[in-house]
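Here is the naming used below: chain letters follow the sequence lines, and residue numbers restart at 1 for every chain. Source: prediction; values computed, not measured. These numbers come from the heavy atoms of this one structure, side chains and all, not from hydrogens, waters or symmetry mates.
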Amino acid sequence: MDANFYEQVYEVVRLIPKGRVTSYGAIAKALGAAKSSRMVGHAMAYAGSASPKIPAHRVVNSSGLLTGRFHFSPPTLMQELLEEEGIIVANDKIKNFKKVFWDPLQEI
DNA sequence: GGATTGACGTGTC
DNA sequence: AGACACGCCAATC
């Protein structure tokens, strides 16, 4: 597949530093498809079939909510991994979201 | 090939 | 602040 869009999404997600998270909208905007934020979500859905594995647990929605946690093998894995990296997650949502938020536009 | 859905975002009530 | 509506595009039915 030459879905360059997806590859760009994967690349950005892989660039997310440890202990940091980003939002679909931020990635979409970084790729110039801010209005197509859903495509980012689809790309992440493909992440499970993509290689190497994508740290999709570091990608949340604009509210810092772990919307796609049920797509993980154990739905709790997402929160576990985030907490492992020092990110506080409560009620499926990132606590210090603003502090751990990583903007791809700043790196790319 | 039309209709439905979706790991979303933003605006409005 | 919580709920509802619209937009956007791709994949699946």
- Could you list all the side chain to side chain donor-acceptor pair (under 3.5 Å) pairs where at least one residue sits in residues 10-28 of chain A, not counting sequence neighbours? none
- Message: In whole Å, I'd like the distance from the CD1 atom of A/I94 to the C1' atom of B/dA7.
- Response: 13 Å
Under 3.5 Å, N/O pairs linking protein and nucleotides 2-7 of chain C:
| from | atom 1 | to | atom 2 | distance (Å) |
| --- | --- | --- | --- | --- |
| C/dG7 | O6 | A/R38 | NH1 | 3.2 |

- In whole angstrom, give the distance that lies between atom NE2 of A/H42 and atom P of C/dT12. 9 Å
- Message: So, taking the atom named CG in A/L77 and the one named CG in A/L66, what distance separates them when rounded to the nearest 0.5 Å?
- Response: 11.0 Å
- Query: If you look only at pairs with a residue in residues 92-105 of chain A, which of them pass as a side chain to side chain donor-acceptor pair (under 3.5 Å), with sequence neighbours excluded?
  - Reply: A/R69-A/D92
- A/Y46 OH to C/dA11 C1', straight-line distance once rounded to whole Å: 6 Å
- Message: What is the separation between atom CG on A/L31 and atom C1' on B/dG9, rounded to the nearest whole Å?
- Response: 15 Å
- Value in whole Å for how far the P atom of C/dC9 lies from CZ of A/F5: 10 Å
- Atom OH of A/Y10 and atom P of B/dA7: how far apart are they, to the nearest Å? 14 Å
- Considering only heavy atoms, which members of residues 78-91 of chain A lie under 4.0 Å from some atom of DNA chain B? none
- Among C/dC8, C/dA10, B/dA7, find the nucleotide with the atom closest to the side chain of A/A47. B/dA7
- Note on the structure: Looking only at B/dG9, C/dC8, C/dA10, the nucleotide nearest the A/Y6 side chain is C/dA10
- Message: At a heavy-atom distance below 4.0 Å, what parts of residues 58-69 of chain A sit against DNA chain B?
- Response: A/N61, A/S62, A/T67, A/G68
- Message: For a quick check of understanding: with a heavy-atom distance under 4.0 Å over all strands, which category does A/A43 fall into, base, sugar-phosphate or nothing?
- Response: nothing
- Note on the structure: Whole-Å distance, A/K93 NZ to C/dA1 P, equals 10 Å
- Query: Got a sec, which residues hit side-chain contact (heavy atoms from CB on, under 4.5 Å) with A/E84, two or more places apart in sequence or on another chain?
  - Reply: none
